[in-house]
Amino acid sequence: MSARILAADLPSQVGKQVTIAGWLHRRRELKSVTFLIVRDRSGLAQVVLSGPAAALADVEMPEETVISVDGTVTANEQAPGGAEIVQPTITMLSDPAAPPPFDLYRPAITAGLPTILDGAPTTLRHPNLRAGFEISAASVHGFRSALEALGFVEVHTPKIVESATESGANVFKLDYFGRPAYLAQSPQFYKQAMVGVFERVFEVGPVFRAEPHDTARHLAQYTSLDAELGFISDHQDVMVVLRDTIAGMVAGVQDRAGPAVALLDVAPPVVPAQIPQIHFQDAQDLIAKHADWDPRGEPDLSPADERWLCEWAELEHGSEFLFVTGYPMAKRPFYTAPDPSRPGFSNGFDLLFRGLELVTGGQRLHRYGDYLAALAARGEGPEHYASYLQVFEHGMPPHGGFAIGLERWTARLTGAANIREVTLFPRDLHRLAP
RNA sequence: GGUCCUGUAGAGCAGCUCGGAGUGCUCGCCACCCUGUCAAGGUGGAGGUCGCGGGUUCAAAUCCCGUCAGGACCGCCA
């Protein structure tokens, strides 16, 4: 037996004896010839059973059985890709496979979302479902590349934490050797601490939200792309870095996920050199003036507001991205820096993309005394935040950062209607398995 | 937590308003036919607790009540 090659390499191996291995994607039987389509990580290869080898067609070998095929590569114009394997010897590497919940070999996915998710270990083999995760991986690579080029250091912070950094109601509680502990809602506290060490840090990791949201854009566990940087003037410096990071993610997708982009017919967005921005208050005024509802007085933007603003940004600025700055302090976490020129408003921002909130970020408080005052203003004592406050006792620079929701990003890129389509084994209000 | 929608064969659906034998469609599955398929094609066949429980009725997939499961939107968030 010869060394294994990949399906995509067949055309360059014409005339040679080779081995390929993979899943039996499809068998097509005719009277005296049977075609086996073998799928591996590179693509599909055709194997022809005819003449003496035709007897192999009678072996029980349903689709998705894992096989190894040894044979001669032959050029043939009738073969997909122009080359195929003839006179094969076939070895079954798995038992005959049970049929998957839907036909993986069809170009279109014929199952609904619950069927896909219930059978995820198998259904994710479908090229269209796999493609979303190729795009996700390429996006993360772009995220890392862009930030590393800007001098950021990757960190890995604990996901089991002593106390909640955000409002305490929405955390998963654990039994930690008899003491209460929580799954981290965000790496916020640790990434700020690491600014004191590296100035610029980022993290790719899971975050956990025990919020009872039941929508097409919420998960109980998702992947957060976090960054935090020191020595900023204000949140505008953070937004510049975020713009370059998003551009890097788009470049990563284009460079490393070309086939997936083509398969799903994804249109990667253009990231403007300057992403347009609008202040929260101006955004509400604009909606009140032109849309048929009035959001003024609301402390936050509704999903309908966000969709409207994205349409406006597209028409007015030709941009699929829009920064909304200056959210009211009341709706931002206590560590958010206020806007010194606009009382009641913050130096926090959101980045909207294709109608959805994709990123939240902002400038943080950095002086110890400001933290004590912020906690006091919210009626909370410092005792619950001892280890958080510890960060600021020994000198921290002005800093800020952002967090990108990876699955939301991928969903907006691929046009997935439900975020679960681009989430590996999603965790939500109802789903804990597979 | 709220509002709305959907549960019918392995998958995806129609049938439900206006009750009349598990009726139908696309695909898969099984058998047979077909030298070259490309989501192959042809002929035949098997496969059902109409989510579950109760009620109304001579008669319920269909109407009513309850319940369970799933989906969309909203609140909130990334």
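Convention: sequence-line order gives letters A, B, ...; per-chain numbering from 1.
With 3.5 Å as the limit, one finds no donor-acceptor pair spanning the side chains of A:E162 and A:Y182. A donor atom on one side chain and an acceptor atom on the other are not found under 3.5 Å apart for A:T65 and A:W23. A:E84 and A:T74 share no donor-acceptor pair across their side chains, judged by distance under 3.5 Å alone. Side-chain contact, A:D350 with A:Y327: a donor N or O sits under 3.5 Å from an acceptor N or O. No hydrogens or angles considered: a donor-acceptor pair under 3.5 Å links the side chains of A:H218 and A:T215. Checking A:Q17 against A:T72 by side-chain atom types alone, a donor-acceptor pair falls below 3.5 Å.
Residue-level contact check: A:P101 touches the backbone only, with heavy atoms under 4.0 Å from sugar-phosphate atoms and none from bases.
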Walk along nucleotides 31-36 of chain B from 5' to 3' and tag each nucleotide B, S or - by protein heavy-atom contact under 4.0 Å, base first, then sugar-phosphate.
---BSB
Base, backbone or nothing for each nucleotide of nucleotides 68-75 of chain B, written B, S, -, heavy atoms under 4.0 angstrom, 5' to 3'?
--S-SBBB
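In the region residues 351-363 of chain A, proximity to RNA chain B at under 4.0 angstrom, judged on heavy atoms, holds for A:E357, A:L358, A:V359, A:T360.
Between A:W312 and A:W308, the ring-plane angle classifies as parallel under the 30° and 60° cut-offs.
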Under 3.5 Å, which protein N or O atoms sit close to an N or O of nucleotides 24-30 of chain B? Give each pair with its distance.
| from | atom 1 | to | atom 2 | distance (Å) |
| --- | --- | --- | --- | --- |
| B:C27 | O3' | A:R106 | NH2 | 2.7 |
| B:C27 | O2' | A:D103 | OD2 | 3.2 |
| B:C27 | O2' | A:R106 | NE | 3.4 |
| B:C27 | O2' | A:R106 | NH2 | 3.4 |
| B:G28 | OP1 | A:R106 | NH2 | 3.0 |

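Test A:F334, A:Y335, A:Y371, A:F189 against A:Y385 for ring pair (Phe, Tyr, Trp, His ring centres under 6.0 Å) and you get one pass: A:F334.
Rounded to whole Å, the separation between the C1' atoms of B:U57 and B:C65 comes to 16 Å. Between B:C13 and B:G1, the two C1' atoms lie 33 Å apart (nearest whole Å).
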Show me the side-chain donor-acceptor pairs of residues 280-292 of chain A shorter than 3.5 Å, one per line, residues at least two apart or across chains.
| from | atom 1 | to | atom 2 | distance (Å) |
| --- | --- | --- | --- | --- |
| A:Q281 | OE1 | A:R342 | NH2 | 2.7 |
| A:Q284 | NE2 | A:P295 | O | 3.2 |
| A:Q284 | NE2 | A:E298 | O | 3.0 |

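Looking at residues two or more places apart in sequence or on another chain, you find no salt bridge (charged side-chain N to carboxylate O under 4.0 Å, His left out) involving A:D40.
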